[in-house]
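Computed from a predicted structure; not experimentally measured. Each chain gets a letter, A, B and so on, in the order the sequences are listed, and its residues count up from 1. Values below: all heavy atoms of this structure, side chains included; hydrogens, waters and symmetry mates excluded.
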Amino acid sequence: MLRFQASWLMETIMDNITESSDPNWHFPCLWKFTALEWLSHLNNKFIINVPIHSQAIIFKSWFYNQNPFPDSEVMRAFNQVLNTSIDINSNPFKDWLDIYFSKQQLAYLQYWREASGDIRDIALKESFLSIVYQVMNYWIINNKYGFENALTPDQIFSFYYKKYAEFREHNAKFSITEFDYDTILPENCSHVVFNLVFKDEDFIDDDSFFVYNAWLGGYTDLKESKKTIIEKIKPYYFEFGNTKNFSFYKRMTEKANSASFCWSGTGISLNLYKRFLVKPLQDVLDGTYKHSKLVYKPINPTKKQYDFILLFY
Amino acid sequence: MQISFYVILVLILLWLAFRYYRLEKKIIRAVKRNFDMISAIASIVDRVEGYNKDHAKEVTEIALKIAQKTSMASSSEQLLSLEMASKLHDIGMLMVMNDLIKSRQSLRGDHVFLMKIHTLLAENYLKQELGLTDEIPSIIRWHHERWDGFGYPDSLKGIQIPLQSRILAIADSISAMRSQRNYRRKQYKTNEEIITELKSQAGLQFDPNLVNITISLLEKEE
């Protein structure tokens, strides 16, 4: 699990580096769009690579500046109240009944998926789909904890539509790419940021990620959905004692003035991180950067939970 | 010879016990003094924020009650951190413009952004004083995060938000609901109204598990 803290990263960079007047950032692998909220208020440029397609849609709809914002008329047209009951047997997502969703919720998911097919403009369609993701997330959690949903499906859809509008009030310029690990290229940038994912780590902590991925693909097999997602992220795994990614780091930092590695540690002592993560990275980037600095903050010291940033400049 | 040895040993032990007792009393007095001082500072923050009551004290009481029903209950260290963080959770407000805090209207645009940095200001200043090993600044940093990932400053989602911050978020909201606030039209007068609001925000603003715990505590109060 990674707890990415954009403002802390900014502070760390500003404490150590004289910032250029027009900073630009490169994130070679990111999969949670909310991580960018803070940075989106800065007058900076961002190149974000999102290898998971279902999440890239969300990134694009929330951050990509060229994307039009769906007006309320579009929303009304595609977010109607379902009055007639729909036969659950004809619902392609019926396997999720009473596991993740109620009958009514599944009817809406089927309707929204079909409705999205009628939206011609791809950008508008992506926006529509990303709001459905939020609604699914809300339903999955409430059903898990046995809460009655206080809002009707169309109301919760409208609620997230408004949230979406708030989120889009940003100053930054984003460009979103969907390169795989092997095809991604280094960028001329002020900062390159690596969010470290560890092997065997539960890097995605909620089911909505997999359910949404499957829903988008039109199937219900979550094992398959997980497999597709993990295949995309697996090459980025950091393994202690394994240097397989080091050439990737070296390549990605070629054109970057500084590099940051961010990770959330659990149960491993600071000294072990220093020995098996910090030192090897310092060795490999020794020729690229003159300085490095490790900063950390305690989250729950009794359980050895710390967040880290390793900055090279 | 042997008897006098034991007598001396007993005397030494008695003297050490006495010294320990006096030292412990001194420490307890010093700790209490520090606690009182922190409560006094928290009370000043409450007034700056425009609360007509001891908001921080109420938040602390609610937070500790919730925490006692979670996995944190057995860790006195974590409970102490939560207590301190609850008392000082809004200390960053002292560094935010007064006009923003006392605004009678909903804030928009840059004003919202400026308001949001109060958690970061608090974290930064406390971090400098408390050192790198203390978790209290982090707890404060995330007390405005939301379970659905639309909070601030880091838009963390679900269990990415540390448990103490999730508890503090609920406690802070309950205390705020019970207060007269300039920017809010609706006032929550009864526990029943608060429970309805908590249920509606489960999975959105708050951790659903903690909402269940809080509801059972509020129902017992009635």
Side-chain angles (χ1 to χ4, degrees), chain A residues 1-11 32-42 134-135 137-151 156 159-160 163-164 166-167 169-171 202 204-209 264 270 295-303 305-307, chain B residues 71-72 74-78 81 108-110 112-113 116-117 119-120 123-124 127 130-139 141-142 145-165 196-204 206-212 215:
Chain A
M1 179 178 69
L2 175 72
R3 212 177 350 254
F4 179 66
Q5 299 168 53
S7 62
W8 184 37
L9 177 62
M10 277 290 298
E11 283 162 35
K32 275 194 176 170
F33 75 98
T34 49
L36 295 176
E37 211 281 326
W38 181 266
L39 293 172
S40 72
H41 293 279
L42 309 174
Q134 297 305 329
V135 178
N137 193 29
Y138 170 74
W139 283 343
I140 289 171
I141 290 167
N142 271 10
N143 292 340
K144 186 176 169 186
Y145 290 95
F147 282 107
E148 278 180 31
N149 294 297
L151 303 171
I156 187 73
F159 171 81
Y160 277 113
K163 278 270 161 210
Y164 181 6
E166 285 169 23
F167 233 65
E169 284 180 9
H170 55 70
N171 306 315
D202 201 5
I204 296 163
D205 32 52
D206 59 69
D207 285 349
S208 59
F209 214 83
S264 295
L270 189 59
V295 289
Y296 62 94
K297 67 163 70 169
I299 306 303
N300 185 347
T302 48
K303 290 187 177 169
Q305 287 178 346
Y306 294 87
D307 283 355
Chain B
S71 57
M72 265 175 62
S74 57
S75 169
S76 56
E77 213 171 313
Q78 282 187 51
S81 296
R108 294 197 63 78
D110 286 347
V112 177
F113 190 64
K116 285 178 178 180
I117 61 170
T119 55
L120 301 179
E123 187 203 25
N124 264 339
K127 207 163 61 180
L130 294 170
L132 287 174
T133 54
D134 206 295
E135 65 199 310
I136 296 170
S138 301
I139 301 172
R141 177 189 180 101
W142 290 310
E145 294 290 350
R146 291 170 53 103
W147 182 262
D148 62 6
F150 286 95
Y152 62 88
D154 298 310
S155 307
L156 300 182
K157 191 179 169 191
I159 58 165
Q160 285 181 333
I161 312 162
L163 179 60
Q164 286 131 304
S165 303
T196 309
E197 179 62 13
L198 287 177
K199 278 184 179 169
S200 75
Q201 290 300 320
L204 292 172
F206 305 124
D207 175 347
N209 209 16
L210 291 178
V211 167
N212 275 336
I215 288 172

Legend entry - Under 4.5 Å from a heavy atom of chain B, the part of A:F4 involved: backbone
Legend entry - Side chain / backbone / both / neither for A:L39 at chain B, heavy atoms under 4.5 Å: neither
Inset, instruction - Count the heavy-atom pairs under 4.5 Å between each of A:D307, A:I299, A:I156 and chain B, then report the option with the highest count. - result: A:I299
Legend entry - Contact class of A:N137 relative to chain B, heavy atoms under 4.5 angstrom: side chain
Legend entry - Close side-chain approach of A:L270 to A:Y306, heavy-atom, < 4.5 Å: no
Inset, instruction - For the pair A:Y160 and B:F150, name the ring-plane relationship: parallel under 30°, tilted 30 to 60°, perpendicular over 60°. - result: tilted
Inset, instruction - Check whether A:Q134 gets within reach of chain B through its side chain, its backbone, both or neither, counting any heavy atom under 4.5 Å. - result: side chain
Legend entry - Toward chain B, the part of A:S208 with a non-hydrogen atom under 4.5 Å: side chain
Legend entry - B:S81 and B:E135: side chain donor to acceptor below 3.5 Å: yes
Legend entry - Partners meeting side chain to side chain donor-acceptor pair (under 3.5 Å) with A:S40 (sequence neighbours left out): none
Inset, instruction - Identify which part of A:W8 has an atom lying under 4.5 Å from any heavy atom of chain B, answering side chain, backbone, both or neither. - result: both
Legend entry - Side chain, backbone, both or neither of A:S7 within contact of chain B (heavy atoms, under 4.5 Å): both
Legend entry - Where B:E145 and B:D154 come nearest, the two heavy atoms and their spacing: OE2-N, 2.7 Å
Inset, instruction - Just jot down the salt bridge (charged side-chain N to carboxylate O under 4.0 Å, His left out) partners of B:E123, sequence neighbours excluded, or say none. - result: A:K297, B:R141
Inset, instruction - Determine the minimum heavy-atom distance between B:W147 and B:K157, stating which atoms define it. - result: O-CG, 3.4 Å
Inset, instruction - Output the option from B:P208, B:P153, B:S200 having the highest count of non-hydrogen pairs under 4.5 Å with chain A. - result: B:P208
Legend entry - Residue B:Q78 versus chain A: region with a heavy atom under 4.5 Å: side chain
Inset, instruction - Can you see which heavy atom on A:P301 is nearest to which on A:P298, and at what distance? - result: CG-CB, 3.8 Å
Legend entry - Most chain A-contacting option - heavy-atom pairs closer than 4.5 Å, from B:I161, B:I136, B:N212: B:N212
